[in-house]
Amino acid sequence: VTPADTLVEGFAIDDIITLDPGEAFELSTAEVTANSYSKLVALDPNDTSKVVGELAESWTVSDDGLTYTFKLKPGLKFASGNAITAEDVAFSFERAVKLDKSPAFLLTQFGLTGANITEKAKAADAGTFVFTVDKPYAPSFVLNVLTATVASVVDKKVVTEHAKKVTPSGDYKYDTDFGNEWLKTGYAGSGPYKVLTWRANEAVIMEANPNFFGEKPRLKRVIYRHMKESSGQRLALENGDIDIARNLEPGDLDAVAKKPGMALTSAPKGTIYYFSLNQKNPNLAKPEVAEAMKYLVDYDAIGATLIKGIGEIHQTFLPKGQLGAIEDKPYKLDVAKAKELLAKAGLPNGFTVTMDVRNNQPVTGIAESVQQTLAQAGIKLEIIPGDGKQTLTKFRARTHDIYIGQWGSDYFDPNSNAETFTINPDNSDEGKNKTLAWRNAWDVPKELSDAAKGALLEKDSAKRAAIYQDLQKKVLARSPFVIVFQQTEVAGYSAKLKNFKLGPSFDTNFVYTISKE
Amino acid sequence: MSTTDTPLKPYSREWLLSDRPASRGQARLGRAYVIWRRFSENRLALIGLGILILLLVIAALADVLAPYNPVRGDLRNARLLPPGTAGYLLGTDDQGRDILSRLIHGSRLTLLVVVLVAIIAAPIGLVVGTVSGYAGGWVDAVLMRITDIFLAFPKLVLALALVAALGPGIENAILAIAVTSWPPYARIARAETMTFRNSEFISAVRLMGASPLRIILRHVMPLCMSSLIVRVTLDMAGIILTAAGLGFLGLGAQPPLPEWGAMIASGRRFILDQWWVAAMPGAAILIVSLGFNLLGDGLRDALDPKEAGQ
Amino acid sequence: MTSAVSIRDMVVTYDGFAALNHVSLDVGAGESFGIVGESGSGKSTLLRVVSGLASFERGSLAVNGRPYSSSRRDKEFYRTVQMVFQDPYGSLHPRQTVDRLLLEPLLINGFDNIEARITRALDEVGLGSGFRFRYSHQLSGGQRQRVAIARALILEPKILLLDEPTSALDASIQAEILNLLEQARRDRDLTFVMVSHDLGVISHMCERLAVMKQGEVVETVPAKALEKREFSADYTRRLLVASEGFRRN
Amino acid sequence: MTMATSGAPLLTVEDLRVTFPTRTGDVQAVRGVSFTLGRERLGIVGESGSGKSQTGRAIMGLTPGHAAITAKRLAFGDRDLLALSRTERRELRGKRIAMILQDPKYSLNPVMTIGRQIVETLKTHERISAPEARGRALAMLEAVQIRDSERVFDLYPHEVSGGMGQRAMIAMMLVCGPELLIADEPTSALDVTVQLDVLAILDKLVAERGMGLIFISHDLRLVSSFCDRVIVMYAGRIVEELPSADLAHARHPYTRGLLNCLPTIGTDRHPLPVLDRKPEWAL
Amino acid sequence: MTLTDQTIATRRSRRRASSFVKAVLRFVVTAVTTFFGLIAVTFFIGRVVPIDPALAIVGDRAPAHVVERVREELGLNRPLYEQFYIYVKQALSGDFGISVLTTNPVMADIARVFPATIELATVGTLIGALLGVPLGVLAAVKRGSFADQIVRVIGLIGYSVPIFWLGLLSLVLFYARLKWVAYPGRIDIVYEYTFTPVTGFFLLDAAWQGHWDVFQDVFRHVILPAALLGYFSLAYISRMTRSFMLSELSQEYIVAARAKGLSETRIIWFHALRNAAVPLVTVIALSYANLLEGSVLTETIFSWPGLGLYITNSLQNADMNAVLGGTLVIGAVFVGINIFSDLLYRTLDPRTRSR
Ligand SMILES: Nc1ncnc2c1ncn2[C@@H]1O[C@H](COP(=O)(O)OP(=O)(O)OP(=O)(O)O)[C@@H](O)[C@H]1O
Ligand SMILES: Nc1ncnc2c1ncn2[C@@H]1O[C@H](COP(=O)(O)OP(=O)(O)OP(=O)(O)O)[C@@H](O)[C@H]1O
Ligand SMILES: [Mg+2]
Ligand SMILES: [Mg+2]
């Protein structure tokens with residue numbers, strides 16, 4: 001049984017590979033950093049379409065839409081006891097851009113480079129941080145991006161102490177690693193909890209940060225214990241070995257729901273699951289085939305069984321909750337219609353095709369289900385299961401036929417998904433911009449790409465939303481993506497917990513509000 | 001041929017057991033009969049043989065015996081039904097497929113795995129072992145070093161690595177298991193060859209001018225066969241378990257193939273409430289590998305050269 | 001008289017231990033030559049070297065006037081020299097019938113008339129065709145040794161090496177085998193080199209004998225000399241005394 | 001310690017039968033063997049498989065568990081061996097009846113030193129202190145003509161020669177001073193010259209200690225020169241029993257055949273006479 | 001498991017021949033060549049794995065240019081032989097590099113996870129040997145009896161049952177239903193604060209430091225997986241014990257011991273078992289080695305943070321440094337145990353001792 005002052009969560013945290021906010025880009029890490037680091041601004045947990053200040057007390061946007069000035073709250077301290085100044089903010093931006101790790105593009109898309117970063121993101125004084133972008137983006141877009149993990153503020157002093165000398169090379173022109181190696185497992189933040197340890201595939205252990213400027217956390221410790229299996233999490237929850245089970249699957253959800261002393265909570269997440277039909281495959285490249293595929297998914301049965309409680313059928317590329325998201329669901333299982341389309345495509349007897357599938361649920365189950373429904377229309381689907389890295393390697397190399405993937409928004413803004421699904425400037429194998437559209441070898445009609453680009457600069461939120469709504473409809477009808485459902489995050493927890501709530505994204509799954517009876 | 005003896009009725013018990021067989025065929029059959037008698041005295045071994053014959057029959061007649069299609073289920077209406085539900089003797093799995101039908105069809109995969117591994121690994125091991133043991137010297141040293149290297153690998157880890165490298169799939173799983181299972185056969189064959197190498201009956205053959213190749217092929221190998229057969233039979237159980245382990249880790253047969261280990265893996269998620277999904281294939285594995293073990297045990301007793309002398 | 005087997009100054013060592021230490025012997029064609037000595041004195045080693053089953057380090061070997069190197073032997077050699085081993089239980093392949101055992105040498109050496117040869121060989125050693133399809137475990141020790149002899153004779157060799165062919169057998173069976181060997185020798189004009197630790201057997205079978213001790217030949221004497229006690233080595237005398245049974249003093 | 005009341009022979013065997021159940025039916029290894037033994041050397045000869053060893057083992061109580069032993073009478077002195085409990089039987093073994101096995105290479109425990117194995121016999125049967133046991137064992141080793149007994153005491157069986165091992169075996173069996181010794185082919189694994197040494201030791205011990213000795217061998221000539229009386233066995237039965245001195249006048253054709261078929265130095269018989277087995281001998 | 005009987009047979013036949021020094025030399029050669037082979041095979045496998053190792057470093061969602069840069073850094077664009085050369089050089093200097101999965105040096109990771117595997121295997125082997133040997137002796141002594149049949153069937157089932165399946169079922173029974181044992185894992189996570197392991201063997205550490213509550217907790221964690229492994233090794237050990245005992249009991253020296261008047265108890269448990277112990281040591285050592293290397297599935301089921309789990313995890317993430325390191329360590333341990341058991345064999349069997 002877990003101690004009264006400690007929260008233990010069972011959670012599949014095997015995706016964590018680093019805790020450095022300048023490098024981390026994984027969902028579980030987002031949750032950990034969200035609870036242990038602070039950012040200038042954060043999503044309003046009560047209304048995710050709004051952004052509120054976290055370290056920043058207030059901010060202004062210049063009239064030309066290029067300069068953002070943030071005023072910091074006074075008297076802020078890092079967990080180390082050092083004061084939080086605009087210097088630290090500037091340093092955090094600088095190192096993220098210069099390290100140029102996976103999430104760096106979030107910042108560099110605003111025109112930041114290693115060369116200009118010290119100019120574009122700088123401390124005007126100890127309490128003022130000035131940020132300059134290259135185009136007059138919609139402010140909602142910029143601010144939404146700044147709520148991402150990569151914008152977390154690190155303790156410059158502590159990090160610099162641990163920085164390692166490196167020899168500059170062609171790829172990396174700086175003589176320091178900006179503490180990256182140390183920060184992979186180390187901690188230099190100011191959030192409600194400080195990270196004590198992270199052991200890969202085992203646990204993350206956090207302890208209350210006495211210097212936290214906000215509301216003090218209720219519990220002394222929070223432990224994320226790595227548990228992959230839903231049934232294991234449920235068992236441990238029932239036996240009181242954990243307080244929260246984070247990866248429950250439908251069957252276990254039902255069981256937990258029925259158990260006295262247990263409770264469930266859920267929140268839709270920005271992650272959508274889709275089949276990606278590689279346009280390099282001549283059969284899949286036929287528009288009729290792509291459409292037939294959309295008719296060959298038994299959405300209803302999947303929704304009622306395999307993803308019951310953990311997802312909702314969703315067919316458009318913007319997840320519910322993001323600006324402009326619509327809920328059109330024109331497709332349902334219709335074998336006759338699909339056969340008709342296949343016949344039109346000249347494939348009345350179907351064809352054989354492979355699908356790369358990650359070895360986890362509910363993906364495998366869905367794949368198997370689709371395998372059966374495709375067979376009804378004569379399409380023979382061979383499932384190639386693999387580990388995440390393996391299937392992803394193929395997907396990135398565009399050597400798959402069909403890939404069943406999931407896409408979580410990089411930041412809480414419609415542009416993240418719009419870009420990846422509709423922008424593909426160079427469809428050759430050498431293409432630089434490796435969006436999902438590129439990976440799927442989809443030569444996106446210019447009309448769609450342009451709409452997505454235009455929306456980015458639309459300052460009026462309502463108009464911006466309208467553009468996305470229209471775009472979604474078109475993509476739904478024409479794209480070689482069969483979007484199946486949007487993830488709902490569910491957690492089963494012991495009724496002893498008070499104030500436990502899942503946020504709309506992983507970086508809003510806060511634990512500091514939780515208390516125990 | 002002694003004319004005084006009343007000729008025995010061919011294929012009768014006495015004919016088979018005759019001390020003075022009149023033809024090659026009779027001698028061979030007689031020997032087989034003696035082995036069979038010794039084998040069949042062992043009730044457990046007979047049970048093992050029965051299990052395996054049953055397995056063969058089931059595999060051969062899978063299409064007739066299985067009440068449902070093993071890969072197509074009824075996700076909407078028949079998901080996770082408990083055993084005994086009308087029409088589903090052993091229940092259904094999470095895709096609404098009939099577990100019994102899957103088990104029946106899965107027997108083919110199980111057989112495929114063991115047979116293929118056996119015909120890949122055993123001959124390799126036999127050749128390497130006999131050549132190494134008979135030749136001695138540096139040939140022996142080199143071959144045994146290679147064998148040692150493969151032996152020093154953690155077997156399952158090596159198989160895992162190989163499957164990871166070749167891509168998951170039943171063919172690759174078979175290959176991986178074969179690659180990891182020949183070294184023990186080589187060791188056995190070598191050890192046995194070494195005991196024969198200096199024996200007088202091999203010296204006698206050498207004195208007839210037989211070439212080393214002939215000696216290995218016609219004189220040494222047949223002697224290693226019986227212990228190899230025993231070993232292989234006993235190993236079949238291990239092979240089944242390894243294949244199931246690979247399947248369990250998601251590296252063996254792919255969905256929707258009804259491979260038993262993979263079935264356990266997919267049933268694992270339901271072990272708390274729908275125990276049968278994982279329990280049934282596990283029981284099937286247990287029974288079949290028990291069958292192989294019983295058979296192997298019986299064969300060992302029957303083929304043991306020490307007892308054959310009496 | 002040319003020597004059937006001629007050994008000069010032969011040395012065989014195992015890990016520095018001299019199993020044969022400068023041994024020289026000459027066996028005349030048609031002669032029956034005996035070798036006696038204690039266990040470990042190198043008797044078997046000597047036969048194995050001659051037959052090519054073991055190699056020698058120094059010295060020379062000639063069979064019927066033809067020199068042979070330490071390791072290589074040709075087909076011709078095997079048709080000249082054959083060997084019968086000590087242990088009838090170990091010298092027959094446990095998984096082959098008598099038929100197969102006799103067939104093998106014929107196949108290897110490309111003989112014709114196989115059927116007839118096998119039948120004759122079996123008759124010759126007094127087994128008859130009733131034994132033809134038996135496995136060795138269906139035979140008694142004496143019968144096995146007969147098969148072994150038949151196998152050696154079927155290649156029609158000129159020289160037969162006999163390594164204690166009867167020491168594993170009961171006395172009564174020993175007599176039968178010895179008679180059989182004598183008969184064969186007479187019929188085929190064979191040369192025998194026979195090893196035994198039993199002086200009685202050697203003096204019965206052989207015309208000359210060598211006494212071996214610790215890898216060396218102590219002396220070579222005619223068999224008649226045993227009877228008359230005309231030998232020089234003290235060791236030979238001790239062997240002789242021992243072979244006469246227990247004497248209380 | 002004391003011998004059974006005088007008058008009774010040391011060992012009485014009457015109609016001893018040993019039967020092995022096998023797959024192909026019962027095998028009677030010993031079929032009604034009867035003899036008595038006093039303080040003398042009795043030889044048992046016969047060809048391989050004639051039941052010599054089984055006779056000896058039956059007397060010792062070492063027949064494998066699944067075999068059946070019956071006898072009208074099997075008495076050691078006046079104690080009926082078959083009526084004794086397992087424990088009583090065991091207490092006799094090694095203490096009052098001992099047996100030397102054929103091959104020292106296999107009959108000594110390979111992982112115990114020779115000394116310990118001898119001491120073990122002593123400790124099993126007598127309450128004795130360790131130094132005393134050691135002393136007795138050393139003395140016994142010397143009695144079997146082992147010169148540097150201190151060294152041999154600490155050797156393992158594989159470190160001594162066959163002849164030495166056989167002596168150790170004798171020492172191990174005789175250290176408690178048994179009244180009856182059964183020696184089952186004690187010298188057949190040894191070289192001819194060593195054979196005689198070992199026999200000489202046995203002979204001396206028998207003479208000095210007044211034991212009864214059953215000497216089992218297949219070598220008729222050796223037995224007759226060593227023993228006082230000879231029993232000839234054939235197919236599990238005794239076909240002839242006679243004093244060694246009268247061997248030349250053996251009546252049974254089997255015995256005569258055995259004597260005849262041996263090649264000897266000086267006699268020139270070509271071909272050797274062979275034994276013509278008559279089925280009725282085995283009846 | 002399969003090689004044992006033969007290994008023993010070979011050893012038996014050659015135990016007389018080779019002297020101690022020679023044996024050690026032979027082992028050194030074996031060890032060196034085996035290592036080299038291990039490195040080569042692992043490297044080869046690592047290179048043909050269709051997983052991009054760079055992905056493991058940068059994570060699933062990294063943009064393409066980041067992936068490409070890391071590939072370059074890792075030297076993955078260089079010719080194979082060059083990469084191999086680097087691998088070998090590093091491995092020989094004991095540096096297996098940094099695990100990309102955990103960001104620690106592989107050696108440090110192994111030092112952390114290996115004790116867990118050792119602890120599990122040790123407890124398992126103890127269970128297997130302490131029960132298996134007596135059962136095997138019993139079966140041999142009462143050959144053909146009901147007890148023999150029972151032991152045989154227990155053993156056969158142990159050989160036949162999929163251990164992960166049994167693990168799952170027993171977890172449901174003993175953890176979920178009966179609540180006798182603790183949740184999969186090594187120790188309750190809350191003891192992370194009160195308890196600092198020194199040796200990494202939690203049972204020992206807890207007992208040593210007098211943390212009996214921790215000891216109890218650790219025991220409740222280890223007992224089920226260890227019992228499963230123990231059952232597996234029991235099956236093997238009892239079977240081998242039986243056959244060794246049977247062959248020893250049919251030896252002449254047993255007859256001689258009976259002729260001396262020794263009691264059956266002493267004959268069985270002292271004379272026969274002492275001789276059977278010689279090859280048995282190898283069997284137990286090998287079974288131990290097998291538990292060490294073969295506990296992958298058990299560790300998976302029981303979330304046991306040991307080497308098997310570490311290697312599987314690394315493998316799935318294309319963390320080839322970790323795989324290479326882990327495999328080499330297991331290979332080394334395997335060879336080490338082999339050498340150890342052979343030395344033990346030599347000390348136990350006077351026939352192999354040189355003088
Ligand atoms: N392959 C071998 N390796 C090492 N030593 C050997 C080998 N073969 C024979 N020896 C040794 O050579 C010596 C002579 O052996 P050999 O077999 O010739 O003796 P033998 O006179 O035939 O004895 P026996 O009467 O016991 O058959 C012995 O000491 C033996 O140990
Ligand atoms: N365990 C057994 N099962 C069946 N038959 C047996 C067994 N032990 C011995 N016999 C049979 O008992 C008979 C007598 O055996 P025994 O050992 O007494 O012969 P022996 O005269 O000592 O022969 P040798 O001279 O070969 O030692 C043999 O025919 C043998 O086959
Ligand atoms: Mg010899
Ligand atoms: Mg005997």
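Order of the sequence lines sets the chain letters (A, B, ...), proteins ahead of strands, with each chain counted from 1.
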Of the backbone (N, CA, C, O) and the side chain (C-beta and beyond), which part of [X] lies under 4.5 Å from a heavy atom of chain C, both, or neither?
| X | answer |
| --- | --- |
| D:T264 | backbone |
| D:L262 | side chain |
| D:R269 | backbone |

Item checked: Pairs of heavy atoms under 4.5 Å with chain C: top-ranked of D:L199, D:V274, D:L272 ->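 Heavy-atom pair counts peak at D:L272.
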Note to self: I'd like to verify something: which residue of D:L222, D:L196, D:N260, D:V192 has the highest number of heavy-atom pairs under 4.5 Å with chain C?
What the structure shows: D:L196
Check whether [X] gets within reach of chain D through its side chain, its backbone, both or neither, counting any heavy atom under 4.5 Å.
| X | result |
| --- | --- |
| C:L178 | side chain |
| C:L240 | side chain |
| C:E38 | both |

Check: Above 12 or not: heavy atoms from other molecules or residues under 6.0 Å from OH of D:Y106?
Finding: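 No - once you tally the heavy atoms of other residues, nucleotides and ligands closer than 6.0 Å, there are 12 at most.
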Closest approach of [X] to [Y] (non-hydrogen atoms, all atoms of both residues):
| X | Y | value |
| --- | --- | --- |
| D:T193 | C:R238 | CG2-O, 4.3 Å |
| C:F246 | D:A200 | CE1-N, 3.7 Å |
| C:S172 | D:C261 | CA-SG, 3.5 Å |
| D:S48 | C:D170 | N-OD2, 2.7 Å |

Item checked: Side chain proximity check, D:P263 to C:Q174, heavy atoms < 4.5 angstrom -> yes
Check: Looking at C:A175, C:A223, C:G141, C:G40, which one has more heavy-atom pairs under 4.5 Å with chain D than the rest?
Finding: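 Among C:A175, C:A223, C:G141, C:G40, the one with the most close pairs to chain D is C:A175.
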